[in-house]
Chemist: 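Could you have a look at this structure, given as structure tokens, before my questions?
Position 1 is the first residue of the sequence, and the numbers go up from there.
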Amino acid sequence: MTAFDLWHDPDQPARRRRRFTASEVEAMCEQGFFDDGPRYELLDGELIEMSAQGPLHRQLETELLNWVSRRLGEDIKLAVAGPFRLGEFDEPEPDLFLYPAAMNVNDVRGPDADLVIEVANTSLQQDLGPKAGLYQSYGVRRYWVMDVEKRVTWVHQLDGDRYGAPRGVAFAEPLQVPGVAEPLVVADLIS
């Protein structure tokens with residue numbers, strides 16, 4: 001199954017499509033193609049418009065970034081709301097991901113990431129479905145989807161080459177962030 005299958009509206013006539021590579025999209029960005037207007041992710045060669053961030057999403061993302069960045073040791077770095085090149089045709093933009101400090105952020109690939117987090121409000125279906133499958137296929141070991149409406153984090157953990165069923169962890173319950181001694185209680189971050 002491709003990103004086209006997952007995001008295509010079957011009620012609309014199929015149109016001829018061209019797959020883009022991550023390098024082509026990077027060149028378009030450098031030329032200013034996406035300076036104004038919505039943000040996009042590259043999924044299976046297609047540019048997919050990202051959902052707008054609501055106030056709850058923005059608040060949790062900001063508080064989470066501050067909390068994690070103050071507690072990380074020197075051996076792990078934090079990448080924020082930018083491209084995460086998984087492969088030639090896949091470059092999602094998670095809210096954050098953790099990776100080994102010895103690496104350049106642009107060289108990080110799926111198995112290198114210690115944790116990928118998506119904060120979800122309007123994007124929940126895509127984050128729990130197609131994106132979980134994408135991260136799984138590229139060997140991302142830990143993938144969390146923080147559902148701001150239901151106040152639960154959906155924890156995906158790689159077991160072999162597959163994620164088991166996601167485990168729901170209420171925002172009031174502790175989560176263990178790789179490389180951080182103190183448990184994260186998401187409810188403490190947002191009102």
Chemist: For a quick test of reading the model, state the closest non-hydrogen atom pair linking Ala181 to Gln176 and the distance between them.
Modeler: O-NE2, 3.5 Å
Chemist: Report yes if the side chains of His156 and Gln136 come closer than 4.5 Å at any heavy-atom pair, otherwise no.
Modeler: no
Chemist: Consider only side-chain heavy atoms of I, L, V, M, F, W and Y, link residues closer than 4.5 Å, and tell whether Val119 and Leu65 are in one cluster.
Modeler: yes
Chemist: Counting neighbours of CZ on Arg167 that are heavy atoms of other residues, nucleotides or ligands and sit closer than 6.0 Å, is the number greater than 12?
Modeler: no
Chemist: Which value, rounded to the nearest 0.5 Å, describes the distance between Asp44 atom CG and Ser137 atom OG?
Modeler: 9.5 Å
Chemist: Can you tell me how far apart CG (Leu56) and CZ (Arg58) are? Round to the nearest 0.5 Å.
Modeler: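 Answer rounded to 0.5 Å: 13.0 Å.
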Chemist: Between Tyr143 and Tyr135, what is the ring plane arrangement, given parallel below 30°, perpendicular above 60°, and tilted in between?
Modeler: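 Rings of Tyr143 and Tyr135: tilted, as their planes differ by 30° to 60°.
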Chemist: Quick one: does Thr153's side chain get under 4.5 Å of Phe171's, heavy atoms only?
Modeler: yes
Chemist: For residues Val116 and Trp144: do they belong to one hydrophobic cluster (side chain heavy atoms under 4.5 Å, members Ile, Leu, Val, Met, Phe, Trp, Tyr)?
Modeler: no
Chemist: With a 4.5 Å cut-off on side-chain heavy-atom distances among I, L, V, M, F, W and Y, is there a chain of contacts connecting Val155 to Leu60?
Modeler: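 Val155 clusters together with Leu60.
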Chemist: Looking at side-chain heavy atoms only, is the closest gap between Met146 and Leu64 below 4.5 Å?
Modeler: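 Yes, their side chains come closer than 4.5 Å.
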Chemist: Say whether Tyr138 and Leu115 are linked into one hydrophobic cluster, either directly or through other cluster members, by side-chain heavy-atom distances under 4.5 angstrom.
Modeler: no
Chemist: Verify the cluster assignment for Leu98 and Val105: are they in a single hydrophobic cluster under the rule of side-chain heavy atoms below 4.5 Å apart?
Modeler: no
Chemist: If every non-hydrogen atom of Leu128 is compared with every non-hydrogen atom of Ala132, which pair is closest and at what distance?
Modeler: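 Nearest heavy atoms, Leu128 then Ala132: O-CB, 3.4 Å.
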Chemist: Would you call Pro92 and Leu134 a side-chain contact if the rule is heavy atoms closer than 4.5 Å?
Modeler: yes
Chemist: For a quick test of reading the model, state the closest non-hydrogen atom pair linking Glu118 to Pro94 and the distance between them.
Modeler: OE2-CA, 3.3 Å
Chemist: Does the side chain of Glu149 come within less than 4.5 Å of Asn121's, by heavy atoms?
Modeler: yes
Chemist: Decide if atom CZ of Arg70 counts as having more than 12 heavy atoms of other residues, nucleotides or ligands within a radius under 6.0 Å.
Modeler: yes
Chemist: Between Ser69 and Asn66, is there a donor-acceptor pair closer than 3.5 Å when you use the side chain of the first and the backbone of the second?
Modeler: yes
Chemist: Quick check: closest heavy atoms across Glu61 and Ala81, and the distance to 0.1 Å?
Modeler: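 Looking at all heavy atoms of both residues, the shortest contact is OE2-CB, 4.1 Å.
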Chemist: Counting only heavy atoms not in Gln125, do more than 12 fall under 6.0 Å of its CD?
Modeler: no
Chemist: Is Thr62 close to Trp67 at the side-chain level, that is, under 4.5 Å between some pair of heavy atoms?
Modeler: no
Chemist: Counting only heavy atoms not in Asn104, do more than 12 fall under 6.0 Å of its CG?
Modeler: yes
Chemist: Between Asp147 and Lys150 (side chain of the first, backbone of the second, donor and acceptor by atom type, cut-off under 3.5 Å), is there such a pair?
Modeler: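 Side chain of Asp147 to backbone of Lys150: a pair is present.
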Chemist: Would Tyr99 and Asp114 count as having a side-chain donor-acceptor pair, cut-off 3.5 Å?
Modeler: no
Chemist: Take Arg151 and Ile190 through the test side-chain contact (heavy atoms from CB on, under 4.5 Å) and record every step on the way to the result.
Modeler: CA-CA 10 Å; Arg151 301 177 66 87; Ile190 59 173; 3.4 Å; yes
Chemist: One pair to check against side-chain contact (heavy atoms from CB on, under 4.5 Å): Asp112 and Met103. What are the steps and the verdict?
Modeler: CA-CA 9 Å; Asp112 303 318; Met103 294 187 75; 3.4 Å; yes
Chemist: Can you tell me how far CD1 of Ile117 sits from CG of Leu96, rounded to the nearest 0.5 angstrom?
Modeler: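 It is 4.0 Å, given to the nearest 0.5 Å.
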Chemist: Indicate yes or no: at least one non-hydrogen side-chain atom of Val186 is less than 4.5 angstrom from one of Glu173.
Modeler: no
Chemist: Do Asn106 and Arg85 have side-chain heavy atoms sitting under 4.5 Å apart?
Modeler: no
Chemist: Mind checking the CD-CG spacing from Glu63 to Leu189? Nearest 0.5 Å is all I need.
Modeler: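 Result: 6.5 Å between the selected atoms.
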Chemist: Which atom pair, heavy atoms only, marks the closest approach of Pro183 to Pro174?
Modeler: CB-CB, 3.7 Å
Chemist: Whether the side chain of Glu91 engages the backbone of Pro83 through a donor-acceptor N/O pair (distance < 3.5 Å, no angle test) should be reported.
Modeler: no
Chemist: Which atom pair, heavy atoms only, marks the closest approach of Pro178 to Ile76?
Modeler: O-CD1, 3.6 Å
